[in-house]
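Keep in mind that the numbers below use all heavy atoms, side chains included, and drop hydrogens, waters and symmetry copies. Below, chain A is the first sequence line, B the second, and so on; all start at residue 1. Since the structure is predicted, the reported quantities are computational estimates derived from the model, not experimental observations.
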Amino acid sequence: MPGFPSQLPVPAADFVLPLLDWYHANRRKLPWRDNPHWYRVWVSEIMLQQTTVKAVVPYFDAFLDRFPDVRTLAAAEEAEVLALWAGLGYYSRARQLLETARIICSAHDGSFPADYRAALALPGIGRYTAGAILSIAFGLPYPVVEGNVSRVFARYLAYADKWDGRAARGLWNLLSTIVSSSAIADRAGDFNQALMELGATVCTPRHPDCRNCPLTLACAARRRSMQHSLPVKRQARSVIVLDCTVALVRQGQKILMRPNQEAPFPKGLWELPRSNDESLALEIGNSLGTVTHGITHHLIRIQVVGASLVGASIPNGYRWIDPQNPGVGLSGYVRKVLGRLQGQQGQQGQKGR
DNA sequence: CATACGTGGGC
DNA sequence: TGCCCAAGTAT
């Protein structure tokens, strides 16, 4: 068992310096990069977890516009934070962001703790995010390991075993040594971002652009033409298909909704009532079509029917929501249904043909 | 260590 | 279409 290498095949400087040069010449201009204050770095890092840069940018701008600093965020209602997060996914991130904002204000004097252990103790902050914030915002020598970094090193080192926890541990150890070395000095933040930027823009999962890679000469995978088959990942789980029927009940511009309580839809986001909801006296009308919505390893086919309320009152928990200005976060499939209704009423066939 | 947690985009 | 992927964390 070879295991994961404990050091680079080249001197650290021969790896670090070309990478930093490449980064300074090729880094993308991103909203959180021109002013790496810890609050902006923190919010961006939470948003970026398992999410693409392209999806995050508009959410980041809107979020910083509404909550420009940690005290403004700490004073916010959770519902408003969730409403600004709706569509980004992984909503526990938003709850924990708010929770941590309050802890920072109450227990850390309004500043992010520039201490690894203290950072790790905050909700929603794990090894990756702690390392990212402390290195990027505070210049401290902590490494980061995430999808991009793992892929870059699996290829650079031609690590052909399955990329599992052991490999990840090995990489954390290797990178800890590198960011502590003299080749890095106080540039751990740039080094970490360079690694991630390289994985995101050059050493991509498919079609890596090896001709434009600053590490190509020493890359073991490229030397053996293995770059397309690394890293070796475990097989994905199969998808579970579910069906359900929901009711669209209108009152003027508003639509009847309730906060979802259980999987597979996100907790706390709002959804349409089920057509068979026993607490609701509904008269079911015509079918309005079907939307398909994927949630992690579920694929849900949602039949939408028009319906009207028998009687005037609605049960506890239900609310009339104006889709134009919901004030709460709407489940993904609800946004799909509403978008489809809008599209039908407005001009037809925007994406026709 | 495996699993839950969301969504949009690429091919 | 179906499957893979994206700057992870908590349990």
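- The nearest whole Å value for the distance from the CZ atom in A/Arg206 to the C1' atom in C/dC5 is 6 Å.
- At the heavy-atom level, A/Ser44 lies nowhere under 4.0 Å from the strands shown.
- Nearer to the 5' terminus of DNA chain C, by closest-nucleotide assignment, is the contact made by A/Val239 (compared with the other of A/Val239 and A/Leu30).
- Listed nucleotides: C/dG8, B/dT7, B/dA2. Nearest to the side chain of A/Glu146: C/dG8.
- Looking at heavy-atom distances under 4.0 Å, A/Ile300 makes no contact with the nucleic acid at all.
- The residue A/Leu88 sits close to a base: some heavy atom pair falls under 4.0 Å.
- A/Arg222 and A/Thr216 share a side-chain donor-acceptor pair at under 3.5 Å.
- When the nucleotides C/dG8, B/dT3, C/dA10 are ranked by their closest atom to the side chain of A/Gln96, C/dA10 comes out on top.
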Next item on the list: Would you please test A/Tyr159 and A/Phe153 for ring pair (Phe, Tyr, Trp, His ring centres under 6.0 Å) and show each step?
Entry: CA-CA 8 Å; A/Tyr159 186 82; A/Phe153 276 91; over 10 Å; no
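- Side-chain atoms of A/Gln49 lie closest to C/dT9 of the nucleotides B/dG10, B/dG6, C/dT9.
- A salt bridge links A/Arg258 with A/Glu271: at least one charged nitrogen is closer than 4.0 Å to a carboxylate oxygen.
- The separation between A/Arg95 atom CZ and C/dA10 atom P is 14 Å, rounded to whole Å.
- Across all strands shown, A/Tyr91 has heavy atoms under 4.0 Å from sugar-phosphate atoms exclusively, and none from any base.
- At the heavy-atom level, A/Gly165 lies nowhere under 4.0 Å from the strands shown.
- Residue A/Arg33 is classed as a base contact, given a heavy-atom separation below 4.0 Å to a base.
- A/Gln50 has no side-chain polar atom (N or O) that falls below the 4.0 Å cut-off from OP1 or OP2 of C/dA6.
- Side-chain atoms of A/Thr52 lie closest to C/dA6 of the nucleotides B/dA4, C/dA6, C/dG8.
- Among the atoms of the strands shown, only primed sugar atoms or phosphate atoms (P, OP1, OP2) are found under 4.0 Å from some heavy atom of A/Arg169.
- Looking at which nucleotide of DNA chain B each of A/His207 and A/Ser331 is closest to, the 5′-most match is held by A/Ser331.
- Computed from coordinates, the A/Leu122 CG to C/dA10 C1' distance equals 14 Å when rounded to whole Å.
- With no hydrogens or angles considered, no side-chain donor-acceptor pair links A/Thr177 and A/Gln7 at under 3.5 Å.
- Nucleic acid contact class of A/Arg27 (heavy atoms, under 4.0 Å, all strands): none.
- Using P as the reference atom, C/dC4 and B/dT3 are 15 Å apart when rounded to the nearest Å.
- Rounded to whole Å, atom P of C/dA6 lies 14 Å from atom CD of A/Glu197.
- When the side-chain nitrogen and oxygen atoms of A/His297 are compared with OP1 and OP2 of B/dA4, one or more of them lie within a distance under 4.0 Å.
- Within the 4.0 angstrom heavy-atom criterion, no nucleotide atom of any strand lies near A/Gln193.
- Distance CD1 (A/Ile295) to C1' (B/dA4): 12 Å, rounded to an integer number of Å.
- Side-chain contact check for A/Ser176 and A/Asn173: no donor-acceptor pair (N or O, by modelled atom type) lies under 3.5 Å.
- For A/Thr51 and A/Arg93, the side-chain atoms include at least one donor-acceptor pair closer than 3.5 Å.
- Side-chain N/O atoms of A/Tyr128 and A/Gln49 include no donor and acceptor closer than 3.5 Å.
- Note on A/Gly126: only backbone sugar-phosphate atoms sit closer than 4.0 angstrom, heavy atoms only; bases stay farther off.
- Going from atom NE2 of A/His228 over to atom C1' of B/dC11 covers 16 Å, rounded to whole Å.
- A close approach under 4.0 Å does not occur between any side-chain nitrogen or oxygen of A/His293 and OP1 or OP2 of B/dG6.
- We find that OH of A/Tyr90 is positioned 12 Å from C1' of C/dA10, with the value rounded to whole Å.
- Counting only heavy atoms from C-beta on, A/Lys233 has its side chain closest to C/dC5 among B/dG8, C/dC5, B/dG6.
- If you check every strand for non-hydrogen atoms under 4.0 Å, A/Gly294 touches a base.
- If you check every strand for non-hydrogen atoms under 4.0 Å, A/Pro123 touches sugar and phosphate atoms only.
- A donor-acceptor contact under 3.5 Å links the side chain of A/Thr51 to the base of B/dG6.
- Distances shown here put every side-chain N or O of A/Ser92 at or beyond 4.0 Å from the OP1 or OP2 atom of C/dT9.
- Considering only side-chain atoms of A/Tyr128, the nucleotide from C/dT9, B/dA2, B/dG8 that sits closest is C/dT9.
- In the set C/dG8, C/dA6, C/dA10, the nucleotide with an atom closest to the side chain of A/Arg151 is C/dA6.
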Next item on the list: Would you sort out whether A/Tyr156 and A/Phe15 count as a ring pair (Phe, Tyr, Trp, His ring centres under 6.0 Å), showing the intermediate values?
Entry: CA-CA 11 Å; A/Tyr156 185 77; A/Phe15 180 91; 5.0 Å; yes
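- Distance A/Trp163 CH2 to C/dC4 C1': 19 Å, rounded to the nearest Å.
- A sub-4.0 Å separation between OP1 or OP2 of C/dA10 and a side-chain N or O of A/Arg93 is absent.
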